[in-house]
Amino acid sequence: MGLLYIVPTPIGNLLDITYRSINILKKVDFIITENIKHTLILLNHFSIVNKLLSLNTINEKKKTNQYINILKNGNNIAIVSKAGTPIINDPGYILVKYAYRNNIRVVPLPGACAAITALCAAGLKANQFCYEGFLPNKKKKCEKKIYSLRKENRTIILYESPKRLVHTIQLIKKNMGVTRKITIAREITKKWENIQKGTAEQLLLIINDDIYWKKGEITIIINGAKKNNKNIISSRILKIFNIIKKETSNTTAIKITKKICRLNKNVLYNKIIKKNIL
Ligand code: SAM
């Protein structure tokens, strides 16, 4: 029986590969990759010569049995993705599952992963976090998903396309509140690495008119909801406050909004008036 190695590769900076990964990629009998062209660039850079097999979301089911047979015949295989850690929003899960079914040993190597790298630099709590991968493509489903995460207390990690970034940040503002802290990490480990922190409003000011935020690879980290949700000032609460404010003084508007939205004492005053977020 051969071994199945899970080998992470860099998410930008080629120096982020480990010595062990290079050794394994050199000594295995085959390398399974999501993207042959991309992996060849990596192998050439490190003077690794090996046989490549393809595994992508389209052929994953069909190819898995074939690759399990190769392992059963005593060959060692390494699986890599286009970049980062295989299986994490990349192909390979079925292969690993079938490897266990066939008593094939799975050997994981630690290494680059955009989610964890961005989380470490987010300036947000990382003791407990949830990884949500990509949000659904359809707009309604996407908003539903963000709404469902509004009370999540753990730090939330999302992968996002630059084309949808502005829309997603707007949805976070609408559903999670205007004071929610967010970090957006673009092109980490690459030449144009850029990490920005702020509320949705502050981030929208940065990304709206910047062409660099319209391309590249992006990971979003969202601060978890405070345990006491009565402290969240959502855009719905702000809307109510603004309508009432038009008819009366700030103090009365705060009192009425507080009652309607069942907010804790002074939350509106502290967050809206003191911090001047209107
Ligand atoms: N398996 C990979 C990993 O371990 O990071 C993730 C694969 S997923 C298909 C690709 C997504 O990861 C990108 O669309 C982006 O959201 C995020 N990503 C990858 N590289 C990144 C980088 N250098 N900076 C920020 N986000 C990145």
Side-chain angles (χ1 to χ4, degrees), residues 4-18 20-21 24-25 31-39 41-42 45 54-60 78-97 106 108-124 126 129-137 142 145-146 149 155-169 171-172 182-198 203 206-207 210-222:
L4 175 61
Y5 292 94
I6 301 172
V7 181
T9 55
I11 54 168
N13 190 328
L14 289 180
L15 293 177
D16 291 332
I17 197 157
T18 67
R20 189 171 169 220
S21 294
I24 299 288
L25 292 177
I31 300 171
I32 292 179
T33 173
E34 179 196 11
N35 187 310
I36 289 187
K37 201 171 141 198
H38 217 271
T39 302
I41 296 171
L42 183 85
H45 184 84
S54 94
L55 186 77
N56 49 49
T57 37
I58 301 159
N59 71 13
E60 191 169 6
I79 176 168
V80 298
S81 57
K82 189 176 164 199
T85 302
I87 330 288
I88 310 297
N89 267 98
D90 272 333
Y93 155 68
I94 299 173
L95 183 66
V96 172
K97 190 166 93 173
V106 176
L109 273 68
C113 175
I116 299 299
T117 314
L119 173 68
C120 299
L124 299 171
F129 59 88
C130 65
Y131 168 74
E132 287 287 334
F134 289 98
L135 292 165
N137 267 329
C142 178
K145 180 76 196 173
I146 294 181
L149 289 168
T155 300
I156 303 158
I157 308 175
L158 300 174
Y159 283 161
E160 189 50 288
S161 125
K163 285 186 192 137
R164 304 191 332 160
L165 182 65
V166 168
H167 181 246
T168 300
I169 300 294
L171 287 182
I172 295 171
I182 309 163
T183 299
I184 43 176
R186 178 183 173 272
E187 297 283 87
I188 23 183
T189 78
K190 300 184 199 174
K191 189 177 175 190
W192 302 108
E193 176 180 280
N194 194 340
I195 299 169
Q196 298 288 341
K197 285 166 57 57
L203 292 179
I206 296 169
I207 61 179
D210 189 340
I211 51 156
Y212 287 106
W213 284 96
K214 306 281 179 281
K215 48 190 180 181
E217 295 194 282
I218 291 160
T219 299
I220 303 176
I221 315 285
I222 309 168

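Both counts, for ligands and for their atoms, begin at 1 and track the order of listing.
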- Message: Using side-chain heavy atoms (C-beta onward) and a distance below 4.5 Å, is Asn194 in contact with Glu187?
- Response: no

- Message: Ring-plane angle category for Tyr212 and Trp192, please: parallel below 30°, perpendicular beyond 60°, tilted otherwise.
- Response: parallel

- Please test Ile220 against Leu165 for side-chain contact (heavy atoms from CB on, under 4.5 Å), starting from the C-alpha separation and ending with a verdict. CA-CA 9 Å; Ile220 303 176; Leu165 182 65; 3.7 Å; yes

- Item | Atom-level proximity to ligand 1, residues with heavy atom under 4.0 Å | Ile11, Ala83, Gly84, Thr85, Ile88, Asn89, Asp90, Cys113, Ala114, Phe134, Tyr159, Glu160, Ala185, Glu187, Ile188, Lys190, Glu217, Ile218, Thr219

- Is there side-chain contact between Asp90 and Lys82, with at least one heavy-atom pair below 4.5 Å? no

- Take atom NZ of Lys197 as the centre, draw a 6.0 Å sphere, and report whether it contains more than 12 heavy atoms from other residues, nucleotides or ligands. yes

- Heavy-atom check, side chain of Leu109 versus side chain of Pro8, under 4.5 Å: yes

